[in-house]
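The block underneath contains the structure these notes are about, expressed in structure tokens.
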2 protein chains.
Amino acid sequence: MSIQDLIAPINERLTPTERRIAELVLKDPTLLAFGTVSDLADRANTSRPSIVRFATKLGFEGYTDLQSWIREQLSVQLSSPSQRIRQQESSTPPVWAAIEEAIHQSFDALTQERLIALATPIAQARNVWILSGETSMAGAYVLHSGLSMIRPDVRLVVEHSTGRELSSASEGDTAVVFDFARYRRNSITTSRALAELDVNIVAITDGPLSPLAALTKNWCELKIPAVGPFDSSIPSVMAAEMLVAQVVNQLGEEARHRIDRLESMWQATDTFLNYTPRPSREI
Amino acid sequence: MSIQDLIAPINERLTPTERRIAELVLKDPTLLAFGTVSDLADRANTSRPSIVRFATKLGFEGYTDLQSWIREQLSVQLSSPSQRIRQQESSTPPVWAAIEEAIHQSFDALTQERLIALATPIAQARNVWILSGETSMAGAYVLHSGLSMIRPDVRLVVEHSTGRELSSASEGDTAVVFDFARYRRNSITTSRALAELDVNIVAITDGPLSPLAALTKNWCELKIPAVGPFDSSIPSVMAAEMLVAQVVNQLGEEARHRIDRLESMWQATDTFLNYTPRPSREI
DNA sequence: TTGATAGTGTACGCCGCGTTACAAAGCGGA
DNA sequence: TCCGCTTTGTAACGCGGCGTACACTATCAA
């Protein structure tokens, strides 16, 4: 039971001021443990009674009650073995390490030059086709979703309609293919066919021995860790996101203009619950 | 610098009473952090001035001074490892740091207990419905893909057919919702409706202030970094994958059996290019 | 025995704490 | 426009906090 679990069930009943207080104490719980009512009031730009009311709204008698509760929680956290475990880095579960390593390697693989090399054919293509194997579906999905927001004529090709969809592909187009061992037969054969048609191939795959790496010089290598019995999609997704960001850079004003139009479309259709302009937009 | 290091050099100059106080605070440092002079005096069977004198003997102005020092020490100890990591590497590109921090925080949020709490309703549900906002589509996709391989009756609900798809949802079902600020109106209102129908809600969201966190106690908090102009899907995907792995654990033999059948189906249809059995299967 | 000194507890003052009652301001509906 | 409710801030109160001055006790040397 944490302060988060206490706030969550009542978060919709919080007044604006109380919400400010909630954000404050969530950001820095030590404020609650050590701070006085006045401290919190000052930090949240409000008055002391509002702090007390916040405490009662959480179900406590008053601030004192809330604070002593927090202190108890903190005491067990300080004395419990998990805290000591937390400080030792050696005991992290192996999955964590595998994911982190994979991410690091992907970062290393996606240098600035490599990103530019991969993004350029995407930015300049007339049509962009996206293909993928199994592990990498999520990456393909993210790429499709992201690219669609910044340029026209982007299509995610699903296996059962490969032929129909790709019949119009030709020189000047670019196909982005995600696939890793074991390679999906369909994605590989399709890529080969597209390469024959002089379609630019951009391949996200697992190394120079991949059949995809043979098709193009625009490829990059990702390491795929396992999470439980399945392979992780995280590296693919990361690569897709970085590709999208790079294409945005290269398209410049045109991409930004499209994003702005999408934004106003969202506003017009009232898509989001609490619309507040933010520097970072959603995919 | 700890309280031990402060006491050690003067321990021979301590009077009997002061020695009792020293033993007390060494045994339980939270007493110093949270307790008042009176508390300590009572516990050490002495008077309040002795506590104050003890503080001054350690080189502080008074008890207040000592206490605020202890609290500072405690604060850094409580700050999460991810925050300390942030302070180290300043030379890496900001995107990397942001992604790594988000991943660390997600790891912290997805403790074993939390994972079990989230996975149990998924493992036991009659039907599983998956909903998502914008950023988190990829996570929802991965969850759907993974769960489909290990249990029946898993459905990804897309916005335009929400009503039709969910008309059969009822008690005993579980809905997994991914959404983050700005919350997509459709996913939130749908979740609320499902909660009204006593469908179990499992929420992957951005904190206790999320409207989703108000609906259920089975929620977890992810931090969403920005990659270029868009929010990243990586945390959602990671959470989805860890959820799938946990559900596999809980379903045990049944899940493994299903995976094996899928495997032979793949073999039969010759889906992959180079079939070689591997310990880790693809999603 | 007596005086000085170190150790400790009592008594007191002042400040700031948390709390509550009440008034002002903001917001929506009639 | 007015009325009611919700939200928020102001003012006052009483309690307990810490710190300090002072008094008592014990110890030891002379």
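All figures in this text were calculated on a predicted structure; none of them were measured in a lab. All heavy atoms count here, side chains included; hydrogens, waters and symmetry mates do not. Order of the sequence lines fixes the chain letters, A, B, ..., with proteins taken first and strands second; residue numbering starts at 1 for each chain.
The main-chain N or O of B/Ser38 is never found under 3.5 Å from a side-chain atom of B/Arg48 such that the two would form a donor-acceptor pair.
When rounded to the nearest whole Å, the span between CD of B/Gln67 and C1' of C/dC17 equals 13 Å. Put simply, OH on A/Tyr63 is 14 Å from C1' on C/dT19, counting in whole angstrom units. Separating the CD atom of B/Glu61 from the C1' atom of D/dT20 is a distance of 14 Å, rounded to the nearest angstrom. Remark: C1' of C/dG9 and CD1 of B/Ile51 are 12 Å apart, rounded to the nearest angstrom. Computed from coordinates, the B/Leu40 CG to D/dG19 C1' distance equals 15 Å when rounded to whole Å. Taking atom CG of residue B/Asp42 and atom P of nucleotide C/dT10, one finds them 12 Å apart after rounding to whole Å. Regarding B/Phe54, its CZ atom lies at a distance of 18 Å from the C1' atom of C/dG9, rounded to whole Å. Rounding to whole angstrom units, CZ of residue B/Arg13 and P of C/dA6 are separated by 13 Å.
The phosphate of C/dT19 (OP1 or OP2) has a side-chain N or O of A/Thr64 nearer than 4.0 angstrom. For the OP1/OP2 pair of D/dG17 and a distance below 4.0 Å, the side-chain nitrogens and oxygens of B/Ser38 include at least one atom meeting the criterion.
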Base-contact (B) and sugar-phosphate-only (S) positions in nucleotides 8-14 of chain D, heavy-atom cut-off under 4.0 Å, - elsewhere: BBB----
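For the pair B/Arg114 and B/Trp219, the cation sits on the ring face: its NZ or CZ lies under 6.0 Å from the ring centre, inside 45° of the axis.
Of the residues near DNA chain C, A/Asp39 and A/Thr56, the one whose nearest nucleotide (by heavy atom distance) lies more toward the 5' end is A/Asp39.
With values rounded to the nearest 0.5 angstrom, B/Ile122 atom CD1 is found 9.5 Å from B/Gln246 atom CD.
Counting only N and O atoms by type, the side chains of A/Thr64 and A/Gln67 include no donor and acceptor under 3.5 Å apart. Checking B/Ser236 against B/Ser136 by side-chain atom types alone, no donor-acceptor pair falls below 3.5 Å.
Residues meeting the salt bridge (charged side-chain N to carboxylate O under 4.0 Å, His left out) test with A/Glu12, sequence neighbours left out: B/Arg192.
Ion pairing between a basic and an acidic side chain is recognised when a charged N comes within 4.0 Å of a carboxylate O; A/Arg53 and A/Glu18 show no such pairing.
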